[in-house]
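Protein chains get the first letters and strands the later ones, always in sequence-line order, with residue 1 at the start of each.
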2 protein chains.
Amino acid sequence: MASRSSRPTMQDVADRVGVSKATVSLVFRKAPGVGDKTREDVLRAADDLGYRMNRAAALMTARRSHLLGVSAQISNSFHAEIVENIVTEADLVGYEVVLGAVTPTHGEERVIETLIDFRCEGMLLIGPELPGTSISNLGNRLPTVVIGRRVGVGSTDVVRSNDGRGIAGVVDHLVELGHENVVHVAAGRGVIAGDRRRGFEQAMRRHGFGTEGAVLDAGDFTEEAGMEAARSLLESELPTAVVCANDRLAVGVLEVLRRKGVDIPGEVSVTGYDDSILARMGNVDLTTVSQQPAEQARQAIQAVVSRLDRGRTDRVSKTLTPEIVVRKTTAAPRAGRHSGQARGG
Amino acid sequence: MASRSSRPTMQDVADRVGVSKATVSLVFRKAPGVGDKTREDVLRAADDLGYRMNRAAALMTARRSHLLGVSAQISNSFHAEIVENIVTEADLVGYEVVLGAVTPTHGEERVIETLIDFRCEGMLLIGPELPGTSISNLGNRLPTVVIGRRVGVGSTDVVRSNDGRGIAGVVDHLVELGHENVVHVAAGRGVIAGDRRRGFEQAMRRHGFGTEGAVLDAGDFTEEAGMEAARSLLESELPTAVVCANDRLAVGVLEVLRRKGVDIPGEVSVTGYDDSILARMGNVDLTTVSQQPAEQARQAIQAVVSRLDRGRTDRVSKTLTPEIVVRKTTAAPRAGRHSGQARGG
DNA sequence: TTGTACGCGTTATCAC
DNA sequence: GTGATAACGCGTACAA
């Protein structure tokens, strides 16, 4: 009897049916070249024995792993939403996702190395803050898709939404409402933060406003940074509108302003970016910008898979057009106010 | 020269130093029995060659993998917060986390099977909705810790916060404020939802109120379910307070009530559960219950690791005491109102 | 420290 | 077209 103490192996299944290991392997990989009857027998025997393939063993020699690495900052609900869509899409094309969580104690480089160690064939980076050269190097090692930001160097695939245009839409909206004194709460020196900041500055200048002193760098994309930025704003005369680099910052800003009794949007308008669940719900009702996470996930999977399964080699760079979502945190400024920090140009 | 086209192997490193594979293996596993000079030589050679261990190969024969599987619903920011803490804690004790995302298209069973295939030695389930017997079976296969819920059967380790008591604290708080007409928005038939629902009913009865018609089942823990529940509440006379099974439900409830012009907490008080970022921030300011995610993560890691590294065999069941966090969505009911749905008992 | 026998699928290559 | 045989991959474990 082929019942050892440990788990059944492929050989056990083969013995039971009276075929060779190789045949069993073919059956499990759904490869052609096995007769219908044999195939059925193998599957039944495997089922009887409770056999499951040993992934470590398979991974060791197989050319393909059908594994995709995804690095994301899961505390960001926008990232989480993209991840969910990626998992679904990957499933549809026969791939499995290995998810690496980027946290304050676990940097992106480390997460990526781990994903590679797990033999991922392709890599999806959600909103990476890595330098472009690092991303480019990674892209040379294996098919990589950057989601949500620009990459200046190299030939890595990119799926993103036009951040500059998204922020410009927000500025246009505010200017239409009559705002002249607008401040941007930026999120540090990363590429995404930079694009949004530049988008803000350009839009302001286009409308004839200066940008001197109109940008306040919160340092990163968290609620805490937003709260800190708001406290800093409160130290001098408030602008009539605050354009935040993402929803989390906006939520932090709202939190602090509101606690100080500032009426939103009566006294100050506030906007976010991402249209995350945070923005859509519960008394926040944030005017923000949608980045179509589901669509970005779909395109990203298409991009890796076309390289992996169909040998595509040319660079894909897909830029979606973001859409402003006007909710309740923006309104016309109070009459009689003068512009303060943002001086006319 | 040992430069093949493919990646360098352990043998390449060994050849370069003039030692055996076995020695190199020992060095990389930080095992004792290698002289200091040899160790240094090996590390330097490995560095020169750009050698990285082949995890698949190691996993195939090694007794230990030092991998922990974590199943979580990352769209839930409370889960995400626990995951982040787990990653950090695992790091400190020399383990790596493999994260499985539970989504609408990816059930828990499937996620867990995948984690096992990856050779995880221990499993951490965050707020699982699996039947107790499935969890118990899993616990018999490998060290498992359930986080955030009770498990009636089996001897699986559990780290949780006392949900019944948490909800009771909320009810006490509302009753103290003078509420008599309180409705609970429940989240379906899962264990967590059940505990909270029962906690609600018991607390109400303890205060002398009936529970007939005082529970509205929203079906699950999402914002959408909360919105639907709120619409249903609006069809008849509103209660003076709504106790939701978690923050996401509460946020959905708030969203709909507020859009209908209901004053919170003037007309209706609303409470959540989890003290997630959703509750803490941005105009929501939700009265809720803290479950100490960092502490739960810490204890959960301690639990698996004590089984894995120190051979513990007795069951661990740690129940933390939740703490109510009173914010701005609860207040005394308007004078002159009569109790409606929740009839006195 | 070092041989060296595994472990468990995969992938040629070969026979019918 | 079906299936078998055997070599192979890359560390680990254990005896020497």
Side-chain angles (χ1 to χ4, degrees), chain A residues 2-46 49-67 96 116-119 121, chain B residues 2-43 45-46 49-67 96 114 116-119 121:
Chain A
S3 87
R4 285 184 198 68
S5 59
S6 56
R7 282 214 256 302
T9 149
M10 212 170 236
Q11 188 66 58
D12 294 332
V13 178
D15 289 350
R16 186 171 235 253
V17 185
V19 297
S20 71
K21 273 187 346 181
T23 303
V24 179
S25 177
L26 291 174
V27 170
F28 270 85
R29 278 180 289 153
K30 289 162 186 146
V34 182
D36 285 350
K37 185 189 175 329
T38 309
R39 184 179 301 273
E40 275 177 36
D41 289 350
V42 166
L43 288 175
R44 185 146 21 80
L49 266 50
Y51 169 76
R52 295 213 90 204
M53 225 197 38
N54 181 332
R55 216 184 195 127
L59 247 39
M60 198 169 76
T61 46
R63 288 191 162 26
R64 305 287 315 264
S65 72
H66 284 270
L67 253 30
E96 194 134 22
I116 291 176
D117 284 349
F118 274 105
R119 282 221 161 346
E121 303 184 272
Chain B
S3 88
R4 285 182 200 69
S5 60
S6 56
R7 280 214 256 305
T9 149
M10 211 169 237
Q11 187 66 59
D12 294 332
V13 178
D15 288 350
R16 186 171 236 251
V17 184
V19 296
S20 70
K21 268 183 0 178
T23 302
V24 178
S25 177
L26 290 175
V27 170
F28 271 85
R29 281 180 286 157
K30 287 161 188 148
V34 183
D36 284 351
K37 184 190 176 327
T38 310
R39 183 179 303 273
E40 275 176 36
D41 289 350
V42 166
L43 290 174
L49 266 49
Y51 170 76
R52 294 214 90 203
M53 225 197 36
N54 181 332
R55 221 189 190 120
L59 247 36
M60 198 169 73
T61 46
R63 287 196 170 9
R64 305 288 315 268
S65 73
H66 284 270
L67 253 30
E96 194 135 20
T114 302
I116 291 177
D117 283 349
F118 274 105
R119 283 222 162 343
E121 302 184 273

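- The side chain of A:Thr23 lies closest to D:dG3 when the candidates are D:dC10, D:dG3, C:dT2.
- At the phosphate of D:dT2, neither OP1 nor OP2 sits under 4.0 Å from any side-chain N or O atom of A:Thr38.
- OP1 and OP2 of C:dG9 both lie 4.0 Å or more from every side-chain N or O belonging to A:Arg55.
- Comparing B:Ala22 and B:Met60, the nucleotide of DNA chain C nearest to each residue sits closer to the 5' end for B:Ala22.
- Computed from coordinates, the A:Leu26 CG to C:dT11 P distance equals 9 Å when rounded to whole Å.
- At D:dG11, one or more side-chain N or O atoms of B:Tyr51 fall inside 4.0 Å of OP1 or OP2 (strictly under the cut-off).
- Contact annotation for B:Gly35: backbone-only contact, meaning every heavy-atom pair under 4.0 Å involves sugar-phosphate atoms and none involves a base.
- Here the nucleotide nearest the side chain of B:Val34, chosen from C:dG9, C:dT1, D:dG11, is C:dT1.
- Separating the CE atom of A:Met53 from the P atom of C:dG9 is a distance of 7 Å, rounded to the nearest angstrom.
- Regarding contacts with the backbone of C:dC8, every side-chain N or O of A:Thr61 stays at 4.0 angstrom or more from both OP1 and OP2.
- Within 4.0 Å (heavy atoms only), B:Arg63 reaches sugar-phosphate atoms of the nucleic acid but no base atom.
- Here D:dG11 presents its C1' atom at 17 Å from NZ of B:Lys30, a figure rounded to the nearest Å.
- One atom, CZ of A:Arg52, and another, P of C:dC8, lie 16 Å apart when rounded to the nearest Å.
- Rounded to whole angstrom, the span from the CZ atom of A:Arg29 across to the P atom of C:dC8 amounts to 17 Å.
- Among C:dT2, C:dC8, D:dG3, the nucleotide with an atom closest to any side-chain atom of A:Ala57 is C:dC8.
- Closest of all the heavy-atom pairs between B:Val13 and B:Val42 is CG1-O, 3.9 Å.
- Along DNA chain C, the nucleotide nearest B:Gly18 and the nucleotide nearest B:Lys21 are compared for position; the residue whose nucleotide lies closer to the 5' end is B:Gly18.
- Distance, A:Asp15 CG to C:dC8 P: 13 Å, rounded to whole Å.
- By the 4.0 Å N-to-carboxylate-O rule, A:Lys37 lies close enough to A:Asp41 to be salt-bridged with it.
- When distances are taken from the side chain of A:Asn54 to each of D:dT5, C:dC8, C:dT10, the shortest belongs to C:dC8.
- Rounding to the nearest 0.5 Å gives a distance of 10.0 Å between CE of A:Met10 and OG1 of A:Thr23.
- Between A:Val19 and B:Leu59, the residue anchored closer to the 5' end of DNA chain D is A:Val19, taking for each the nucleotide with the nearest heavy atom.
- Side chain of B:Asp15 to backbone of B:Asp12: no donor-acceptor contact under 3.5 angstrom is found.
- The distance from atom CZ of A:Phe28 to atom P of C:dT11 is 16 Å, rounded to the nearest whole Å.
- Between A:Arg7 atom CZ and C:dG9 atom C1' there is a gap of 14 Å when expressed in whole angstrom units.
- Listed pair A:Ser20 / D:dA4 meets the phosphate criterion, a side-chain N or O lying under 4.0 Å from OP1 or OP2.
- Considering B:His66, B:Arg63, B:Arg64 as possible partners of B:Glu121, the one that fulfils the side-chain hydrogen bond (donor to acceptor under 3.5 Å, both in side chains) test is B:Arg64.
- Between B:Arg16 and B:Ala45 the shortest heavy-atom distance is CD-CB, 3.9 Å.
- Contact between the side-chain N/O atoms of A:Ser25 and the OP1/OP2 oxygens of C:dT11 is not found at any separation under 4.0 Å.
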